[in-house]
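Every chain is numbered from 1 and lettered A, B, ... according to where its sequence line falls, protein lines coming before strand lines.
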2 protein chains.
Amino acid sequence: MIYLDHAAATPVSERVFEAMKPYFSDDFFNPSAAYLPAKKVASDYENAKAIIAHAIGAKANDIVITAGATEANNLALGVVASAFSEARLEFSSTSYTGTRTDSSLRDEPGRSVRNIRVENSNQHLMLQKKQNATNPQILYLVTEHDSVRKVAEQYGGEAIAVDKNGRIVLEDLKAKITDQTMLISVSLANNELGVIQPISEIAAIIRDVRFDRLKRGIKTPLYLHSDASQAMNLLDINVARLGVDLLTLNAAKVYGPKGVGALYVAHGVKLQPLTRGGGQENGLRSGTENVPGVIGFAKAIAEAKEHLNGNRKKYANWRKILLSELRDYELINKKHVLDNFVVLCYNGIDAERLVFLLEEKGIYVSTGAACAASKGVRSHVLAAIGLSDEEIAGSLRLTMGETNTEEQIHEAAKIINEVVAGERERVTS
Amino acid sequence: MIYLDHAAATPVSERVFEAMKPYFSDDFFNPSAAYLPAKKVASDYENAKAIIAHAIGAKANDIVITAGATEANNLALGVVASAFSEARLEFSSTSYTGTRTDSSLRDEPGRSVRNIRVENSNQHLMLQKKQNATNPQILYLVTEHDSVRKVAEQYGGEAIAVDKNGRIVLEDLKAKITDQTMLISVSLANNELGVIQPISEIAAIIRDVRFDRLKRGIKTPLYLHSDASQAMNLLDINVARLGVDLLTLNAAKVYGPKGVGALYVAHGVKLQPLTRGGGQENGLRSGTENVPGVIGFAKAIAEAKEHLNGNRKKYANWRKILLSELRDYELINKKHVLDNFVVLCYNGIDAERLVFLLEEKGIYVSTGAACAASKGVRSHVLAAIGLSDEEIAGSLRLTMGETNTEEQIHEAAKIINEVVAGERERVTS
């Protein structure tokens, strides 16, 4: 088997597994319990959080452990909900029976309701306001994963354009920021193309906007969120250098366990929890801690940081090998990419058939984000960089990783060429 | 070590661990990927869901996998949010700048707003309405875990009383149901006392209310949710027999892995997802599946069902042993309890000291729910059944489980007696 779909899933590394193992059946105690073995587990858990935090230049207390990147993204984007729970709606206090429309709420012509604050403590509403298309609160890169897009759409968001290389068009970002914009979400590296975004440049733009708002007395905050799930393997992530307020991490993409992620939350950012209960994670994410998962996450992240430089060289080299040994392709992700991502277009060929034929030869690749592929939905990422439907249909994503060797890369190139050549012949005959 | 805190945490059983193991590093593929090894993982995952579902008399499609019981409870109680997204608020469509209070929303005297539906598709609000104290939407047993209580409080809820044995007062439930009540949440077995609630009797009451609403043309639905986290080890759970619309399960309490839970959702119940994204779990809970976790969960649940009868006899016997060999205590949880729960009051003694002293002798017990204990909060459950502050301070919870043997039970009784006698002497001298 030559596995070239590391962006979809990575195996738990042996060292990560060994690190997790004791916490399933031996050190299984509830971290909140009073006795020493439990306190030791709680301490190991906190140490693990510290390791995760330090890997990105943060402190343990800045990290909220979640059940994965999707939950972390949902939690992050919910920052706009906080602002809208400041909504005023005054009621009379007479009792009410049944369901009916109240036309007294009709707005006066010329005025529209945006932010309303709750007045009456007996009856009040928590409003999550979905915005009209002209004044979005969340700006997100058009190529973001569904776990950002779908949530942004829920709250009212607008997409920022990318160029044909998949890089953010900073002028479009600047043009789209309004006084109502609260959050800008741009993944550090895209999960389909591996394109790396200029996060610190975006942060600089945001700083200017904040300063301008301050001058004009506009109190709306403006936060920068970045999903760094794919980037952790090859990039040195530092939240101060990036300038982010919120950052998503995913254990499952860095040879850690599935079902564990984290959200870095900068000081001063007010989030509303998605889950309430026992108050874990500083009240931001209740639920008994997934101790083995977090121990594994810390080990995985520490290893990723350790192997960063070696990985960069290794994948840069392997990418060169692939691009020189592969035939008859058009390279889609040319610039500013994570070197382990190789996205190729085989024009006139059905890439889904290639996936199937390559699988028969023991090579596992994909046509894009796993979630989208399984739903038969055309990649919105490839569409956003201007590929035609036919080009999208012929696009293959190869993502190299720890399971690969250089021999495998050579072998993969050889077999991919054979399969593609076979398909060319078949479709042209 | 004699571990008597199984309600706080259980070790992953050996068979569960062996079942999970292959899915960390060997069958690690993303279930949504297109190639066969991934499809096999997806199939194994679905089989696991089927096993979990069948264990409670449901189908795989009725189960939403979550990251634990807390998330499942939050998701379940969010059913009331669905109803309130049907809220009408009409706006003008003029644009808006800045933040201000709009007094045009003031209600006319004598009328108050309860349910409002969104009209304008460009601008609409998702309303989660917090109710006034006279018309609650969620009724929850006063002894519920924080992951129900805190969420219910958020939406607007009212507590149902329990008697001195911790059993629901059905008359109080009937008295508190109004036309606005949408959800009743009562744990099948309480996590501090092990008290088993008459869920099917509650379901019968609910059926009557639903029929009555139908006759009067009231469209508000009424759902029954039950957290069965603690009950799975000793009770045969069948959703039809219980009459529940929503049921929470927790792998971590049945010798499965932490960080995995499930919510059973009956047909017709409309939930809003807490996390959006790739659309997994029928869109109700997005995020790449925690495959090892769910495989482990299924194994754990299958084992629990297998050992049900044996367990019941075993714990009934051990409970008898404890109650006859222990000295100088008052039994708190007398009737309708899971036999592995023994809650004792040592009046005049500080139970937290007992926990510490017992720990020194290698016996691990607790004073109540782990989450509460770690926050130094007095047990709301013991308060609800009428214990005084002093009695609460002297209360110990012993929860037996798979790690115990009969010898350990005898040994524990002996040591507890010694430690208690020592404390009695110390406080009276």
For the pair B/Asp26 and B/Lys21, find out whether any cationic side-chain nitrogen is under 4.0 Å from an anionic carboxylate oxygen. no

With a 4.5 Å cut-off on heavy-atom pairs, point out which of B/Val151, B/Leu274, B/Leu358 contacts chain A the most. B/Leu274

Could you tell me which of B/Ala42, B/Gly217, B/Pro273, B/Pro37 has the largest number of non-hydrogen atom pairs under 4.5 Å with chain A? B/Pro37

Contacting region of A/Glu289 [heavy-atom separation from chain B under 4.5 Å]: backbone

Part of B/Glu359 lying under 4.5 Å from any heavy atom of chain A: side chain

Between A/Arg397 and A/Asp5, is the closest basic N to carboxylate O distance under 4.0 Å? yes

Heavy-atom pairs under 4.5 Å with chain A - which of B/Tyr23, B/Phe29, B/Phe356, B/Phe24 has more of them than the others? B/Phe24

Is B/Val148 in contact with chain A via its backbone, its side chain, both, or neither, using a 4.5 Å heavy-atom distance? neither

So, the part of B/Arg285 with a heavy atom under 4.5 Å from chain A: the answer is side chain

Going from CG on A/Asp27 to CD1 on A/Ile295, what distance comes out if it is rounded to the nearest 0.5 angstrom? 9.0 Å

How about CD on B/Glu14, more than 12 heavy atoms from neighbouring residues, nucleotides or ligands closer than 6.0 Å, or not? no

Heavy-atom cut-off 4.5 Å, strictly under: side chain, backbone, both or neither for B/Tyr35 against chain A? both

Separation between CD1 (A/Ile65) and CD (A/Glu281), nearest 0.5 Å, reads 5.5 Å

With respect to chain B, which residue among A/Ala252, A/Ser13, A/Ser25 yields the maximal number of heavy-atom pairs within a distance under 4.5 Å? A/Ser25

Can you list the steps and then say if B/Glu153 with B/Lys150 is a side-chain contact (heavy atoms from CB on, under 4.5 Å)? CA-CA 5 Å; B/Glu153 280 164 17; B/Lys150 299 281 183 211; 4.3 Å; yes

Take the angle between the ring planes of B/Phe28 and A/Tyr3 and call it parallel below 30°, perpendicular above 60°, tilted in between. perpendicular

Among A/Ala67, A/Ser286, A/Gly293, who wins on heavy-atom pairs under 4.5 Å with chain B? A/Ser286

Between B/Thr10 and chain A, which part of the residue has a heavy atom less than 4.5 Å away: side chain, backbone, both or neither? backbone

In this structure, CG of A/Asn191 is separated from OG1 of A/Thr399 (nearest 0.5 Å) by 10.0 Å

Under a 4.5 Å heavy-atom cutoff, which of B/Asn250, B/Val365, B/Thr275 has the most pairs with chain A? B/Thr275

Hey, which of B/Leu77, B/Val12, B/Leu36, B/Thr403 has the most heavy atom pairs under 4.5 Å with chain A? B/Val12

Does a salt bridge link B/Arg216 with B/Asp179, judged by any charged N lying under 4.0 Å from a carboxylate O? yes

Select one option (side chain, backbone, both, neither) describing which atoms of B/Asn74 are under 4.5 Å from chain A's heavy atoms. side chain

